[in-house]
Asker: 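Have a look at this one before I ask anything.
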Amino acid sequence: MANYTISGIWKDTNGVITHYAVHEFDDGTNTAELATKMSKAAAIQLLERPLNNAITMLWNYSDEGWKRGTDVNVVGTGANKYLRTTQDNTVRDNLAHLINYGFITDDFA
């Protein structure tokens with residue numbers, strides 16, 4: 001069993017998410033490791049393993065720090081699987097609301 005956070009994404013030139021910034025997360029100390037750039041397929045495979053789970057981490061501009069988001073779920077079937085969150089009855093597909101690290105780092109997928 002492992003806990004993870006996802007803090008950001010990378011998109012290709014067509015705006016399609018190709019990678020996620022995945023961090024191992026220690027619930028006991030409330031700390032996250034440095035991010036690993038993980039392909040969409042690898043992130044889905046990681047979260048499909050029994051007992052693995054993830055939440056989003058959102059940058060809080062007011063507090064200048066990270067805050068916990070909500071659970072990340074794998075949805076869809078076959079080649080049409082993707083990651084999704086639901087918080088406050090708002091469904092967010094593909095985690096496109098997270099920071100686009102490709103834009104920040106000029107490292108497009």
Side-chain angles (χ1 to χ4, degrees):
M1 175 180 148
N3 295 314
Y4 298 92
T5 65
I6 299 177
S7 66
I9 57 171
W10 281 265
K11 294 181 179 182
D12 65 15
T13 55
N14 296 317
V16 175
I17 295 173
T18 60
H19 293 80
Y20 296 97
V22 179
H23 312 251
E24 268 199 74
F25 184 73
D26 185 334
D27 246 346
T29 61
N30 204 31
T31 57
E33 300 291 326
L34 292 176
T36 298
K37 183 179 180 181
M38 190 174 287
S39 71
K40 176 183 170 182
I44 288 169
Q45 185 177 17
L46 177 75
L47 295 179
E48 285 184 319
R49 291 187 193 132
L51 303 178
N52 281 356
N53 60 66
I55 59 170
T56 56
M57 290 295 275
L58 306 170
W59 183 253
N60 184 325
Y61 290 93
S62 299
D63 294 338
E64 298 179 4
W66 294 99
K67 72 174 189 170
R68 290 181 96 147
T70 190
D71 293 334
V72 176
N73 302 296
V74 177
V75 297
T77 59
N80 295 320
K81 291 182 182 179
Y82 59 95
L83 302 181
R84 177 169 73 186
T85 65
T86 303
Q87 184 168 356
D88 300 329
N89 295 319
T90 302
V91 175
R92 296 183 179 191
D93 290 345
N94 300 326
L95 284 73
H97 64 290
L98 297 177
I99 294 171
N100 183 349
Y101 285 128
F103 179 75
I104 292 171
T105 64
D106 195 27
D107 175 25
F108 297 95

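Along the sequence shown, residues are numbered consecutively beginning with 1. Just so it is clear, the model here is predicted, and its values are computed rather than measured.
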Asker: Please tell me whether N3 and N53 have a donor and an acceptor in their side chains that are separated by less than 3.5 angstrom.
Answerer: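 Indeed, the side chains of N3 and N53 share at least one donor-acceptor pair under 3.5 Å.
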
Asker: With distance as the sole test, does N52 use its side chain to make a donor-acceptor pair with the main-chain N or O of L47 at under 3.5 Å?
Answerer: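 Here the side-chain-to-backbone pair does not exist.
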
Asker: K40 vs T18, test: side chain to side chain contact (heavy atoms under 4.5 Å, CB included). Steps then yes/no.
Answerer: CA-CA 5 Å; K40 176 183 170 182; T18 60; 5.8 Å; no

Asker: Any heavy-atom pair between the side chains of V74 and L83 that's under 4.5 Å?
Answerer: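 When only atoms from C-beta onward are counted, V74 and L83 do touch, with a gap below 4.5 Å.
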
Asker: Can you name the residues that form a side chain to side chain contact (heavy atoms under 4.5 Å, CB included) with A42, not counting sequence neighbours?
Answerer: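 Scan of A42 (side chain to side chain contact (heavy atoms under 4.5 Å, CB included), adjacent residues dropped) gives M38, S39.
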
Asker: List the residues meeting side-chain hydrogen bond (donor to acceptor under 3.5 Å, both in side chains) with T5, not counting sequence neighbours, and say none if there are none.
Answerer: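 So T5 forms no side-chain hydrogen bond (donor to acceptor under 3.5 Å, both in side chains) with any residue.
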
Asker: Suppose we screen for side-chain hydrogen bond (donor to acceptor under 3.5 Å, both in side chains). Which residues come up paired with E48, at least two apart in sequence or across chains?
Answerer: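 Counting only residues at least two positions away or on another chain, E48 forms a side-chain hydrogen bond (donor to acceptor under 3.5 Å, both in side chains) with K81.
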
Asker: Listed by chain and number, what are the side chain to side chain contact (heavy atoms under 4.5 Å, CB included) partners of D71, not counting sequence neighbours?
Answerer: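 Once residues adjacent in sequence are excluded, the partners of D71 under the side chain to side chain contact (heavy atoms under 4.5 Å, CB included) criterion are I55.
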
Asker: Could you grab the distance from atom OG1 of T56 to atom NZ of K67, nearest 0.5 Å is fine?
Answerer: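 So the OG1 of T56 and the NZ of K67 are separated by 9.0 Å.
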
Asker: Hey, could you give me the NE2/CD1 distance between H23 and I6, rounded to the nearest 0.5 Å?
Answerer: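 Those atoms lie 9.0 Å apart.
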
Asker: Roughly how far, to the nearest 0.5 Å, is the CG atom of L95 from the OH atom of Y20?
Answerer: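 Y20 OH to L95 CG: 5.5 Å, rounded to 0.5 Å.
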
Asker: What is the distance from atom CH2 of W10 to atom CG of N100, rounded to the nearest 0.5 Å?
Answerer: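 So the CH2 of W10 and the CG of N100 are separated by 9.0 Å.
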
Asker: Could you work out, with side chain to side chain contact (heavy atoms under 4.5 Å, CB included) as the rule, every residue matching E24, not counting sequence neighbours?
Answerer: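 E24: side chain to side chain contact (heavy atoms under 4.5 Å, CB included) contacts with Y4, E33.
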
Asker: Among all residues two or more places apart in sequence or in another chain, which pass the side chain to side chain contact (heavy atoms under 4.5 Å, CB included) test with D63?
Answerer: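 D63 satisfies side chain to side chain contact (heavy atoms under 4.5 Å, CB included) with N60 once adjacent residues are dropped.
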
Asker: Dump the intermediate steps for side chain to side chain contact (heavy atoms under 4.5 Å, CB included) on N80 and Y82, then the final yes or no.
Answerer: CA-CA 7 Å; N80 295 320; Y82 59 95; 5.9 Å; no

Asker: Same hydrophobic cluster for I9 and V72, using side-chain heavy-atom links shorter than 4.5 Å among ILVMFWY?
Answerer: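 Same cluster.
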
Asker: Do F25 and L98 sit in one hydrophobic cluster, given that two such residues count as connected whenever their side-chain heavy atoms are within less than 4.5 Å of each other, even indirectly?
Answerer: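 No; tracing contacts between hydrophobic side chains, which count when under 4.5 Å, never links both residues.
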
Asker: In the single-linkage hydrophobic clustering (I, L, V, M, F, W, Y; side-chain heavy atoms under 4.5 Å), do M57 and Y61 co-cluster?
Answerer: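 Linked, M57 and Y61 end up in one cluster.
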
